[in-house]
Amino acid sequence: LLFLLYVFTKDIRVILGGFSVMILLFFWGVIFLHYFQKKLSVFTDGLCRTLDEMMDSTVRPQINYEAETLLARISHRLERLYHVMQETRHKVEEEKAELQSLVSDISHQTKTPIANLKMLNDTMLARNISEETREEFLHATASQLDKLDFLIQGMVKTSRLETGVITLEKKETVIADTLVDAINGVLAPMERKHLHLSVDCPENLTVSHDSRWTSEALFNLLDNAVKYANEKGRITVTLEKQKNRIYLSVFNTTEYISKEQISHLFERFYRTDSSRNSQTGGYGLGLSIAAATVSAHKGKITADTKDEHSLQITVMFPL
């Protein structure tokens, strides 16, 4: 291009000026390339350091929210990635803690029946015992096996519900029918304790729920109320609709129960002092299964008391 300009102009200054501009552009390009390489090196070092810190979970990415540079845009993505990683890490830690808790519960709760079974079995093998005693031992063995079966089945149910393994089959069903199924399961023990039951429930109110699991949850609430109700006491079941929610309450008179005990009622294997001393006390699984079932329905379960000799458990289902 310079040669063509010289041919047309016959002026050597065109050539000199053109070469001067080329030299200046060359040096500017060298300086710019050096500056760009330095900036790129700083950027990549910072990016690698940020990624290392994110993987070590020591610090979150530092972001200038007002900047519109490439680094700022990448930092925005890094922060989102950091939050996803943190949520995943917390979820894994929670699942690990839940698994450890479940294994610990299984070990603790099955230790006694297994020890009893071994003792009964060793006794029958090592000693010459009468047929009547052998039959008593076999009945005791069957009782311990039933306890083991109940514990394992209960723990499987709660773990499946809590981890979301079970998919609920929700249908628009009359909630009164589900409640009746639950009540039918506790009529016999209620008769034995001469308890008075009153139910206040709309007949045609439909709720989207899994009737089988909900019926079992309500049965556990009623069974708990029957077990720990006073002799000739009363149980009151009320169900009402408030705006876009359904509230179902089970109230019963009971022996002394403190606020501290109420705060632990829905924990797996938790038993109050009275339930430990009671011959009809359960294993502390019923209310935890009920709580897990309600949670799987996106509902909420709470316990409260009007005084130290009553208990009211309320279940909220969203409509």
Side-chain angles (χ1 to χ4, degrees), residues 93-166 185-186 188-189 192-193 213 216-217 219-231 254-258 260-293 295 301 303 311 313:
E93 289 174 354
E94 288 174 359
E95 290 177 352
K96 184 178 179 181
E98 179 62 29
L99 181 60
Q100 290 175 340
S101 174
L102 181 62
V103 171
S104 176
D105 287 342
I106 291 173
S107 174
H108 177 73
Q109 296 295 327
T110 59
K111 182 164 56 178
T112 300
I114 289 175
N116 291 337
L117 284 170
K118 288 178 67 177
M119 182 185 66
L120 291 168
N121 188 64
D122 291 343
T123 302
M124 285 190 289
L125 290 174
R127 290 170 49 189
N128 291 323
I129 57 177
S130 65
E131 191 63 30
E132 182 180 355
T133 304
R134 184 182 298 276
E135 187 175 348
E136 290 178 1
F137 277 23
L138 288 174
H139 282 300
T141 300
S143 174
Q144 295 300 315
L145 288 172
D146 288 340
K147 181 179 180 180
L148 269 177
D149 181 62
F150 176 84
L151 286 171
I152 292 172
Q153 292 296 329
M155 285 185 287
V156 168
K157 286 179 182 179
T158 52
S159 62
R160 284 181 173 180
L161 286 166
E162 289 172 356
T163 56
V165 173
I166 292 177
V186 296
R192 285 195 293 270
K193 295 186 72 171
W213 279 100
E216 180 168 351
F219 165 77
N220 287 334
L221 298 183
L222 291 165
D223 184 54
N224 182 79
V226 171
K227 282 179 180 176
Y228 305 117
N230 297 326
E231 192 79 19
T254 184
E255 297 180 11
Y256 173 80
I257 184 167
S258 66
E260 175 66 21
Q261 291 173 331
I262 289 177
S263 64
H264 298 287
L265 278 181
F266 303 111
E267 295 176 7
R268 190 165 52 220
F269 296 118
Y270 178 77
R271 301 170 69 191
T272 61
D273 296 335
S274 60
S275 66
R276 291 192 191 96
N277 300 326
S278 173
Q279 296 294 325
T280 59
Y283 303 109
L285 279 172
L287 292 183
S288 66
I289 292 175
T293 303
S295 179
I301 187 168
L311 176 65
I313 297 178

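Heavy atoms only: backbone and side chains are in, while hydrogens, waters and symmetry mates are out.
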Inset, instruction - Could you pull out all residues at least two apart from D223 that satisfy side-chain hydrogen bond (donor to acceptor under 3.5 Å, both in side chains)? - result: K227

Legend entry - E216 backbone acceptor or donor facing N220 side chain under 3.5 Å: yes

Inset, instruction - Report the distance from atom CD of E135 to atom CD1 of I129, rounding to the nearest 0.5 Å. - result: 11.0 Å

Legend entry - Partners passing side-chain hydrogen bond (donor to acceptor under 3.5 Å, both in side chains) against E260 (at least two apart in sequence or in another chain): H264

Legend entry - Main-chain N/O of F137 paired with T141 side-chain donor or acceptor, under 3.5 Å: yes

Inset, instruction - Grab the two heavy atoms, one from I301 and one from L221, that are nearest each other, plus how far apart they are. - result: CD1-CD2, 4.0 Å

Inset, instruction - Taking T293 for its side chain and I289 for its backbone only, find out whether a donor-acceptor pair lies under 3.5 Å. - result: yes

Inset, instruction - Compare all side-chain heavy atoms of N224 with those of L265 and state whether any distance is below 4.5 angstrom. - result: no

Legend entry - More than 12 heavy atoms from other groups under 6.0 Å of CD on E93: yes

Inset, instruction - Drop me the distance from N128's CG to T133's OG1, to the nearest 0.5 angstrom. - result: 11.5 Å

Legend entry - Taking every non-hydrogen atom, the tightest pair across G185 and F219: O-CE1, 3.6 Å

Inset, instruction - Determine whether more than 12 heavy atoms belonging to other residues, nucleotides or ligands lie under 6.0 Å from atom CD of E231. - result: yes

Would you mind writing out the side-chain donor-acceptor pairs for residues 113-122 within the sub-3.5 Å range, not counting sequence neighbours?
{"unit_1": "N116", "atom_1": "ND2", "unit_2": "T112", "atom_2": "O", "d": "3.4"}
{"unit_1": "N116", "atom_1": "ND2", "unit_2": "Q144", "atom_2": "OE1", "d": "3.3"}

Inset, instruction - Count the heavy atoms of every other residue, nucleotide or ligand shown that sit under 6.0 Å from CD of E267, and state whether that count exceeds 12. - result: yes

